[in-house]
There are 2 protein chains.
Amino acid sequence: MSTKNKILDAAEYLFADKGFNGTSLREITSQAEVNLAAVNYHFGSKKELIKAVMSRYMNELSPRLESSLQVLCDSEQPLTLVEVFSAFIEPLLSLNEYKENGTSNFLQLLGRGYTDSQGFLRWFLTTQYPNVISNFVAAVQKAYPELTPEEMFWRLHFTMGTVVFTMSSSDALIDIAENDFNKKIDIAGVIRQVIPYVAAGVAAPISLP
Amino acid sequence: MSTKNKILDAAEYLFADKGFNGTSLREITSQAEVNLAAVNYHFGSKKELIKAVMSRYMNELSPRLESSLQVLCDSEQPLTLVEVFSAFIEPLLSLNEYKENGTSNFLQLLGRGYTDSQGFLRWFLTTQYPNVISNFVAAVQKAYPELTPEEMFWRLHFTMGTVVFTMSSSDALIDIAENDFNKKIDIAGVIRQVIPYVAAGVAAPISLP
DNA sequence: CGTTATTTTAAACGCCTGTTTAAACTGAGT
DNA sequence: ACTCAGTTTAAACAGGCGTTTAAAATAACG
């Protein structure tokens, strides 16, 4: 395993767990068992390392997501919102084959990126991977054409918030839930729960002004 | 204005904007125009200052929220979920009379507390203010008794996530939305949008196993 | 083998962090 | 006016941070 990948793996794990601000390069390099200076040698800076960690996932996810949504948009028959959101599951869960805990790590990172570092990650994702968002908007619009652009805007961000926030605290939540209900729960189980929730939220009746 | 309050005000503003980890005591004391050592003198430590900032809001909010929800629970007539969530609005918006930008500051702080500092704020709130949560659960149960405890658990956390996450990035979102749709948007407007969303989410049909 | 490139290493850099210290100041109460 | 508790102050503390340096080790190639 190359030094570069050792760093990426350790950084991914620690960033997901403790946030970008909350993780130091010394923690990363000591967990990766490489020299401290290796980060700056291979990536240039901590900020570039963060981008690299996210890019590794996005480059894996974004084409799968695009094609999954493309199928939906191209289909002739009408679409339900549950179908649209379900189109996200398979690509997201496929991250687990690509890497252990891939799905939950990625979603946790996404959550961190929204709140840590004053939104620079949001900028990074929307400018570097704009197709993911626009495809998704198109699919939702097909499933629920009555939504005005403004309502769509808010509901998509609410959805983003629900998923990302849930996942960024999913470890703690799963712990509590497993204790309360005496059953094993995994990330796929949480996703199964969240889909009807967000689908119903987006499909909520339009409130009159 | 006392030194203690000057510190609390500055800390609240900065914590909401940049997170707990992202704000240093030096930033706080220089914005408050007090000596650096004043924080440790009056509050003991940074962690205690965080608690104090949150407690100031919770002590204002929690009794209002409790009585608002109590009215709902005591009422004889059936309850809708929109009513339950609406019962949150008035107490939350009343924070704006108590303090400028009170509502949005408080909700942003709540969002920070979930992701920063590895969930110690969640522990603090659930142990110090348990009635707020249990009253809310009771009200939702009355409005939608078919929900199993497990589904209830997840949907309430999804809702918490939606609201808290939205509010913690509300400044950025409002900026984008005002630009896209050419109209002034305030925090109350966002709340008006989010209520039908979360109400529909919680009320989503129960998914069969 | 000898000579480049590339990578790894230990050490240091300057800066920032939360916290502590001890001295200076402030405003009653006697 | 003097005392004494409460408060504010400047200075320092030890430790962590991201980054840089220059030397050492390793790999690649003619």
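Residue numbers begin at 1 in each chain, while the letters A, B, ... track the order of the sequences.
Following rounding to the nearest Å, B:N21 (CG) and D:dG18 (P) show an atom-to-atom distance of 13 Å. When the C1' atom of D:dT8 is taken as reference, atom CG of B:L25 falls 16 Å away, rounded to whole Å. For the pair B:I7 CD1 and C:dT19 P, the interatomic distance rounds to 13 Å; values are reported in whole Å. Taking atom CZ on B:F43 and atom C1' on C:dT19, their separation rounds to 16 Å, with Å as the unit. D:dG18 atom C1' lies 14 Å from atom CD of A:E48, rounded to whole Å. In this structure, the CG atom of B:N40 is 15 Å from the C1' atom of C:dA22, given to the nearest Å. Regarding A:K47, its NZ atom lies at a distance of 19 Å from the P atom of D:dC17, rounded to whole Å. A straight line from NZ of B:K6 to C1' of D:dT9 spans 13 Å, rounded to a whole angstrom.
Residues A:Y98 and A:R56 share a closest heavy-atom pair of OH-CG, 3.1 Å.
Nearest-nucleotide positions on DNA chain C place A:E33 closer to the 5' end than the other of A:R26 and A:E33. Of the two residues near DNA chain D, B:S2 and A:K46, the one whose nearest nucleotide lies more 5' is B:S2.
Here the OG atom belonging to A:S86 is positioned 4.0 Å from the CD1 atom belonging to A:I195, to the nearest 0.5 angstrom. From A:T103, atom OG1 reaches atom CD of A:Q108 across 11.0 Å, with rounding to the nearest 0.5 Å. From B:I185, atom CD1 reaches atom CD1 of B:I174 across 7.0 Å, with rounding to the nearest 0.5 Å. For the atom pair CE of A:M1 and CG of A:L8, the computed distance is 10.0 Å after rounding to the nearest 0.5 Å. Atom CG in A:D9 sits 11.5 Å away from atom CD1 in A:I28 (nearest 0.5 Å).
Checking D:dT19, C:dT19, C:dT20 against every side-chain atom of B:L36, the shortest atom distance belongs to C:dT19. Distance from the side chain of A:S24 is smallest to D:dC17 among C:dG18, D:dC17, D:dT20.
Among the heavy atoms of the strands lying under 4.0 Å from B:T23 are primed sugar atoms or P, OP1, OP2 only; no base atom is included.
A sub-4.0 Å separation between OP1 or OP2 of D:dA10 and a side-chain N or O of B:N35 is present.
For B:E150, the CD atom counts as densely surrounded, since its 6.0 Å shell holds more than 12 non-hydrogen atoms of other residues, nucleotides or ligands.
Annotation: side chain of B:R155 is in contact with side chain of B:Y144 (closest heavy-atom distance under 4.5 Å).
Taken over five-pair windows at either terminus, the axes of the helix from C:dT8-D:dA23 to C:dT30-D:dA1 are inclined to one another by 20° (rounded to 10 degrees).
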What protein N or O atoms touch nucleotides 4-7 of chain C N or O atoms at under 3.5 angstrom, if any, and at what distances?
{"unit_1": "C:dT7", "atom_1": "OP2", "unit_2": "A:Y41", "atom_2": "OH", "d": "3.1"}

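Classification of the A:Y57-A:F106 ring pair by plane angle, with boundaries at 30° and 60°, yields tilted.
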